[in-house]
Amino acid sequence: MAHGRHPRTRSGGGGAFVLHKIAVVSSAYEPKKIEARWQKVWADERTWEVANPGQPGFDGSRPKAYVLEMLPYPSGEPHVGHLKTYAVGDAIAHFRRRHGYEVIHPMGYDAFGLPAENNAIKTGEPPREVTERSIESFRRQFQEWGISIDWAREIGTHTPEYYRWTQWIFLKLFERGLAYRAEAPVQWCPKDATVLANEQVIDGRCDRCGTPVEQRRLEQWFWKITDYADRLLSDFDLLESWPEHVVTMQRNWIGRSEGAEVTFRCQEGGLDLDFPVFTTRPDTLFGATFFVLAPEHPELERLVAGTPAEEAVREYVNRVARESAEERGAEDRDKTGVPLGRSVVNPVNGEEIPMFVADYVLMEYGTGAIMAVPAHDNRDYEFAKAFDLPIRRVIEGVDEETVRDDAGLPYAGDGPMTGSGRFDGKHNRDAYAEIVEWLTEEGRGRASVNYRLRDWLVSRQRYWGAPIPMVYCDECGIVPVPEDQLPVELPEIVDYAPKGRSPLAAAEDWVATECPRCGGPARRETDTMDTFVDSAWYFIRYLDPQDEDAPWDRDAADHWMPVDQYIGGVEHAILHLMYARFVVKALADMDWLSVQEPFANLFTQGMITRDGAKMSKSRGNTVSPADYVERYGADSARTYICFMGPPERGGDWSDEGVEGVNRFLARLWRLCEEVEGREAGELDAGAGGDARELLAKAHWAIDKTTRDFQRGFQFNTAIAAVMELVNDAYRVKDGLYGDPAGVAAVRFAAATASSLIFPFAPHLGAEIWERLEGGRIWEQPWPEADPELLARDTVTLVVQVNGKLRDRIEAAAEAPEEELLALARESEKVRRHLDGKEIVKEIVVPGKLVNLVVR
RNA sequence: GCCGGAGUGGCGGAACGGCAUACGCGAUCGACUCAAAAUCGAUUGCCCUAACGGGCAUGUGGGUUCGACUCCCACCUCCGGCACCA
């Protein structure tokens, strides 16, 4: 089978079709017509719909592939970021389908959220209406882009049919003790008048509106993601392929530190208080010279009540409270603090060390108190310098620079211990475990692990979200809404403006309810859930989107999960992806799911910029996909996005670039038109000359695109390979039209190009394939390159002298080393550089290169 | 400060340790046209040369190697993330 398996050559029966078409005058590439036609076919035939196990049409014989893009937030119209995500994802989906996979490729809308609500506050228009209008627009445009979505599985997270199950998940977590209500210092955005998750505070500012956030103590709902900190770390091992930097970002975010908890005691003035501290450096305990509490520390009040320090401490605490997180966290900030006039006892040596309050100690991390070791910690050192406190070195340096007593401080390195009683002389690393052991025996401490990760604050004082299914009863306290009363529907209201409490609180009829437990009067929870909750499980709902009796069918979930390829923006590297991982683990622990990780493979695409800057309405540099689809067609826009550069990197949008790709597609189109009207003979791989060369080039392109797909979605070079194939066809086509075998070669090139470009330009690919080969390209297996045609008879032998290129010689591919060397030495160009010199070494890389080393 | 990623023509970008600059954009020239657009074709890293040729170029400086964009060491710049996390 000299010409490979695919595409089929046209001969015999197809002739009539060809003759019929011959009369048609070559027409221009009209993407609009072609695209509308195929979109109708896909919609009418429900081409991309797949069935669940047990349903009619389910094909269990093929391996499954779940290809998923991060669902869009429907605000206004889709932008180029959406187009990129789905252009990349769709290419992957098509590629998998043509490799025999049953591909599930659903989409939906992350429809709850602040922008719709803020708009409602401004215009009075209900969020549901703007949101649904936007969804209309997304749906229409996605269809115009020709993305191969299974539309039967479409969902919106704002529908009661969906959020009913979001509420169900809340109840399940509550039952398991993973959802709890607590008063806690929280991040408060004064502009949006809501609390924020820690993850939504960027540089001390609200992630959404940029307003500096304030700290408040409020009762809020939390989800206990910290219970999963260790598994969220260790289960990275279960993932197949995630970008290293995303894993690193999550690792840093979870921020696991090993150390010890050590208890310092204050026994002054009739007080008898224990102050545990967390330290990663128990080996420096003997160097502690003072002790610091966070300004929010709950025992501060008692420590200074009625003492001379009371006034100053209170003043300091109040001042800190007024500061924004941003001010407090500022980089080159001078250390401030106030002495408490109290002291604690260092458990390792019985020393009394003075206590301070200082804002460099954070209540949120560790215990809100620290032992300060100025000799070995930069921050403690600065504080000690500012307050003229003793600095005691307990770890010696190991080199000239650091060994001297007061030079090189603070010293964070390792070395032998000093001034540490019976541990003197030991290396600090060895002493570490001994000290912890000793503390444990004495009951003064223990090994401990701390995380930067905080529990997930899920309640929001906003309207446009899923109501939290909880009820407050004076008799029974907090009572969950029974499952059979779900959904707790979001009521219609008129005033959406936040007033520091949820706008829902004003819907008195709705708030007033019966206690599900005692039947007495009760009030509904008026907070709604963070929208990240909605998107933490949507990928499971897609698997069984219409189920009214359960969030999903277990068989369907077991069949399709996990997501085999997840595609989205790197901006979700921490929040969304970690929340989804947590929710899936929690559900798996309750035996509602069988997988531990939702996303086996993750691909994060880079952001498209315009004129080097992030696109934004205020900057006026946005690119509207609709405009480009209108002007050049969806195929051009999609293919251009994949051609801009490696998709994991960003790229700058260029109108000329889209035109270039459009030109290429039109060129392919014209090639098809031209060859379609010519009588083709049998493909003849045995023939020589241009026909053979073109055939070989087509197989090279098959091989190249296939490898580029598999090597981390190198779409830019894959598309470049198809361009090369088309260019080569243009170069030789006129000479080949003379004989039927030549026409067949050009036809093969055109059909192959259409097959290979199909994942990026599905409409044009489908159209050309149908015209040249008949049938549906998406039902064709991905082509395989014929190794015989990949192999070359002759190769260009590169000849170097001392590593410098001196000549290129055509040589037989099979030629032995001796022959290649002889050829190289005979070359006139080479000899010029050998003149009068002695060849000391000859390197031969068969089929490639000869390097002559001379002296 | 710590952790990632990246520095290659005028621009976006290619290159298992072996032909640097594929492909595209832009530019120049030519064909077609009365003309323009579209299209087709050619040229296009820099320097020297009339030409044949030669020299220099992948952020900088070293190293390994017959041979380095690629590997190693040091540094510079840009981008992203985290950051008073004990």
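Please read all numbers here as calculations on a predicted model, not as lab measurements. In what follows, chains carry the letters A, B, and so on, assigned in the order in which the sequence lines appear, proteins first and then strands, with residues in each chain numbered from 1.
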Nearest to the side chain of [X] - [options]?
X	options	value
Ile370(A)	A86(B), C40(B), C56(B)	A86(B)
Trp253(A)	C84(B), A83(B), A22(B)	A83(B)
Asn727(A)	C84(B), C40(B), C23(B)	C23(B)
Arg667(A)	C40(B), C85(B), C23(B)	C40(B)

[X]/[Y] aromatic ring centres below 6.0 Å:
X	Y	answer
Trp653(A)	Tyr628(A)	yes
Phe713(A)	Phe760(A)	no
Tyr632(A)	Tyr640(A)	no
Phe356(A)	Phe291(A)	no
His376(A)	Tyr381(A)	no
Phe532(A)	Tyr579(A)	yes

Below 4.0 angstrom from OP1 or OP2 of [N], is there any side-chain N or O of [X]?
X	N	value
Lys614(A)	G80(B)	no
Ser257(A)	A86(B)	yes
Arg670(A)	A38(B)	no

Suppose we define a pair by two distances each less than 3.5 Å, Watson-Crick or G-U wobble; what does [N] pair with here?
N	result
C40(B)	G30(B)
A6(B)	U77(B)
C71(B)	G63(B)
C52(B)	none
G17(B)	none
A22(B)	none

(request) Could you tell me whether Arg825(A) and Glu842(A) make a salt bridge, using a distance below 4.0 angstrom between a side-chain N and a carboxylate O? (result)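 Yes.
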(message) Any carboxylate oxygen within less than 4.0 angstrom of a Lys/Arg side-chain nitrogen, looking at Glu674(A) and Lys733(A)?
(response)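 Looking at Glu674(A) and Lys733(A), the cut-off is met.
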Under 4.0 Å, counting only non-hydrogen atoms across every strand here, what does [X] touch: a base, just sugar-phosphate, or nothing?
X	answer
Gly660(A)	sugar-phosphate
Arg663(A)	sugar-phosphate
Lys804(A)	sugar-phosphate
Val361(A)	base
Ser654(A)	nothing
Tyr640(A)	nothing
His833(A)	sugar-phosphate

In whole Å, I'd like the distance from the [atom1] atom of [X] to the [atom2] atom of [N].
X	N	atom1	atom2	value
Leu668(A)	U39(B)	CG	P	15 Å
Glu648(A)	A6(B)	CD	P	9 Å
His572(A)	G81(B)	NE2	P	13 Å
Phe290(A)	A86(B)	CZ	P	16 Å
Arg806(A)	G67(B)	CZ	C1'	13 Å
Gln250(A)	C82(B)	CD	C1'	14 Å
Glu724(A)	G24(B)	CD	P	8 Å
Glu842(A)	G67(B)	CD	P	16 Å

(request) Select from Lys841(A) and Asp377(A) the residue whose nearest nucleotide in RNA chain B is closer to the 5' end of that strand. (result) Lys841(A)
(request) Between Glu659(A) and Arg731(A), name the one whose nearest nucleotide on RNA chain B is closer to the 5' end. (result)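 Looking at RNA chain B, the more 5' nearest nucleotide goes with Glu659(A).
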If we take the [atom1] atom in both [N] and [M], what is their distance in whole Å?
N	M	atom1	result
U33(B)	U39(B)	C1'	12 Å
G59(B)	C76(B)	C1'	7 Å
C73(B)	C66(B)	C1'	23 Å
G10(B)	G4(B)	C1'	31 Å
A22(B)	G12(B)	C1'	13 Å
G9(B)	G80(B)	C1'	27 Å
A31(B)	A37(B)	P	14 Å
G7(B)	U58(B)	C1'	9 Å

(request) Please name the pair of heavy atoms, one in Phe278(A) and one in Thr367(A), separated by the smallest distance, quoted to 0.1 Å. (result)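 Closest heavy-atom pair between Phe278(A) and Thr367(A): N-OG1, 4.0 Å.
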(request) State, to 0.1 Å, how close Glu382(A) and Lys335(A) come at their nearest heavy-atom pair, and which atoms those are. (result)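 Closest pair (atom of Glu382(A), atom of Lys335(A), distance): OE1-NZ, 3.1 Å.
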(request) Taking syn as within 90° of 0 and anti otherwise, name the glycosidic form of G10(B). (result)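 Anti, since the glycosidic angle lies more than 90° from 0.
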(request) Can you sort out the partners of Asp377(A) under side-chain hydrogen bond (donor to acceptor under 3.5 Å, both in side chains), two or more places apart, ordered by chain and number? (result)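 Listed in chain order: Arg379(A).
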(message) Within the 4.0 Å limit for protein heavy atoms, which parts of nucleotides 11-20 of chain B are touched? Write it as a string from 5' to 3', B for base, S for sugar-phosphate only, - for none.
(response) -SSSSB-BBS
